[in-house]
Number of protein chains: 2
Amino acid sequence: MAQFTQSEKDVFRTAPFFKGVPADVVFRLFDIGDAVHFPKNTHVSAIGDTVDPVFFVMSGLLRISACSESGRRITFLLVKRGEPYNLLGPYLDCGRFLEAEAARPTRCLRIQGNQFMTFVTDHPVIVPNILRWIGIGLDSANSRILDLMEKKVENRVMRVLSTLYEKFGTPLLFTSQEISEIAGTTPESTLRTMGQLRDMGIITTQRGQIRIHDPAALKNIEFGSLKI
Amino acid sequence: MAQFTQSEKDVFRTAPFFKGVPADVVFRLFDIGDAVHFPKNTHVSAIGDTVDPVFFVMSGLLRISACSESGRRITFLLVKRGEPYNLLGPYLDCGRFLEAEAARPTRCLRIQGNQFMTFVTDHPVIVPNILRWIGIGLDSANSRILDLMEKKVENRVMRVLSTLYEKFGTPLLFTSQEISEIAGTTPESTLRTMGQLRDMGIITTQRGQIRIHDPAALKNIEFGSLKI
DNA sequence: CCGTCAACATGACGGCCGTCATGGATGTGG
DNA sequence: CCACATCCATGACGGCCGTCATGTTGACGG
């Protein structure tokens with residue numbers, strides 16, 4: 001089937017996740033999966049769903065988030081082009097508490113859970129990649145826990161901006177609401193911090209976008225970067 | 001070599017982590033690893049170490065923690081008998097920021113990283129178990145992030161007590177210091193919360209141990225309304 | 001039996017930040 | 001071009017909890 005163009009397939013060839021995996025093995029994924037499109041702000045999966053399929057983002061952006069019973073929402077992960085989502089889903093029978101939605105119009109390669117597990121057992125060469133990816137995610141989650149202990153909202157916002165800069169470059173197309181949901185705070189506090197950063201000439205802001213002029217200044221604090 | 005008694009080996013046979021793995025595969029681990037003992041409060045690994053070997057706890061308890069530069073320490077994980085630690089270490093080349101120490105006198109099975117990776121490729125039947133275990137850990141980390149958003153220290157302490165009760169039963173042999181490092185707060189706040197729980201007859205406390213009389217009450221989230 | 005230390009317990013204070021409120025700026029659709 | 005929604009921006013207030021301080025209790029060794 002001609003669901004995927006060659007340039008789309010090349011996205012996977014060069015994706016960090018697939019590093020070291022032979023190209024023919026990678027391309028096998030296109031045979032066992034199909035393409036799905038999600039318009040902006042639509043749900044890929046809702047809370048409590050037992051998310052079975054594995055997704056690979058071909059273009060766009062997925063936001064993985066959860067919300068507590070008090071209504072506060074936090075974003076755990078932003079999945080961009082070439083990255084996988086729900087790698088572990090097929091192996092966990094329990095329903096997760098996460099929800100996934102398209103932060104922008106997003107095109108994905110979707111692979112059913114049992115097909116993915118078959119793929120893994122047939123091509124064990126990919127196992128180290130999976131473990132490596134999950135390991136990075138686990139370290140990142142632990143970093144964020146440490147972050148939240150520190151309780152300094154300013155530091156959290158700065159680290160979020162720094163991390164997003166490393167992942168997406170500049171300008172960052174996010175609202176203060178989105179930033180605050182990643183940093184684990186409120187839009188007001190985020191705006192206050194960004195106001196200070198603006199006064200220092202480190203960033204400039206417009207509606208829905210943030211230009212970072214001095215990335216080094218954002219890293220001035222603390223160790224370790226989170227993988228968002 | 002007769003490093004391990006039969007009863008020790010049986011610990012693994014019945015361990016949840018190894019569920020579904022044939023016994024002869026499990027026992028192969030004893031051939032490629034060796035026994036190590038850690039006295040109480042000694043370090044298994046320090047911060048920044050590239051922890052290569054995988055550990056399985058045979059008796060005792062490992063505490064996996066990290067501390068921020070402000071000196072605050074947080075405990076991520078308590079590894080008890082039959083549970084693995086550092087499953088992903090062999091696959092990650094970077095140094096981690098965690099440190100592991102023996103919370104009690106602890107005896108472990110230690111397997112060098114490359115030997116463990118060889119074992120995994122030779123016995124792929126264990127891969128789903130690894131992924132499942134890591135997946136649970138990842139969900140748990142995300143839950144804690146959500147918890148920290150909630151910001152109510154009382155709820156965090158109660159949830160910690162509830163979780164520890166499910167894992168270790170009663171009485172819990174932990175000090176307020178240890179509880180606070182798991183809950184992400186201070187010993188004082190922990191003691192204050194436990195004081196209220198004591199007044200309600202939910203727990204009783206002695207030096208270094210906590211008896212839980214009403215586990216269900218700890219799961220009650222509407223603590224704030226009860227307090228008034 | 002006593003000295004010492006670690007842990008328990010509790011009170012007081014202050015700062016951070018979440019909440020609410022208000023107003024202005026910007027983009028969008030009819 | 002205007003109405004409206006959304007986002008940005010900033011001020012004021014109040015509560016939670018981290019910090020410090022003080023005293024008590026229990027454990028352990030000689």
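Just so we're on the same page: letters track the sequence lines, and every chain starts at 1. Bear in mind that the values here come from a model prediction, so they are computed numbers and not experimental data.
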* Structure fact -> B/Ile210 atom CD1 is separated from C/dA7 atom P, nearest whole Å, by 13 Å
* Indicate whether OP1 or OP2 belonging to D/dC8 is found under 4.0 Å from a side-chain N or O atom of A/Ser176. => yes
* Give the nucleotide from the list C/dA9, D/dT10, C/dC17 with an atom nearest to the side chain of A/Leu191. => D/dT10
* Is B/Pro53 close to B/Ile111 at the side-chain level, that is, under 4.5 Å between some pair of heavy atoms? -> no
* Asked: Roughly how many Å is it from CG in A/Leu173 to P in D/dT6, rounded to a whole number?
  -> 19 Å
* Between C/dT19 (P) and A/Gln177 (CD): distance, integer Å -> 12 Å
* Pair B/Phe4 + B/Phe12: ring centers closer than 6.0 Å -> no
* Which residue lies toward the 5' end of DNA chain D, A/Gln209 or B/Gly184, if each is placed at its nearest nucleotide? -> A/Gln209
* Whole-Å distance separating the CD atom of A/Glu178 from the P atom of D/dC8 -> 9 Å
* Asked: Between A/Arg207 and A/Thr185, who's closer to the 5' end of DNA chain C by nearest nucleotide?
  -> A/Thr185
* Asked: Given atom CD of B/Gln196 and atom C1' of C/dA9, what is their separation to the nearest angstrom?
  -> 13 Å
* Charged tip of B/Arg81 within 45° of B/Phe17 ring normal and under 6.0 Å -> no
* To do: Using a cut-off of strictly less than 4.0 Å, decide whether B/Thr205 has a side-chain nitrogen or oxygen near OP1 or OP2 of C/dA9.
  => yes
* Does B/Ser189 have a side-chain nitrogen or oxygen under 4.0 Å from the phosphate oxygens OP1 or OP2 of D/dG18? -> yes
* To do: Without swapping roles, check the side chain of B/Thr106 against the backbone of B/Leu62 for a donor-acceptor pair under 3.5 Å.
  => no
* Which nucleotide sits closest to the side chain of B/Glu188: D/dA21, C/dA7, D/dG18? -> D/dA21
* Asked: Is the cationic atom of A/Arg13 (NZ for Lys, CZ for Arg) positioned less than 6.0 Å from the six-membered ring centroid of A/Phe30 and within 45 degrees of its normal?
  -> no
* From D/dG18, C/dA9, D/dA9, nucleotide with atom closest to B/Arg198 side chain -> C/dA9
* Would you tell me if any nitrogen or oxygen in the side chain of A/Thr186 comes within less than 4.0 Å of OP1 or OP2 on C/dG18? => yes
* What integer distance in Å separates A/Gln206:CD from C/dT26:C1'? -> 10 Å
* Asked: Within this structure, what is the CD1-to-C1' distance between B/Ile203 and C/dA9, rounded to whole angstrom?
  -> 13 Å
* **B/Arg192, nearest nucleotide to its side chain (from D/dA12, D/dC20, C/dC17)** => D/dC20
* How long is the line joining CD of A/Glu154 and C1' of C/dC17, in whole Å? -> 10 Å
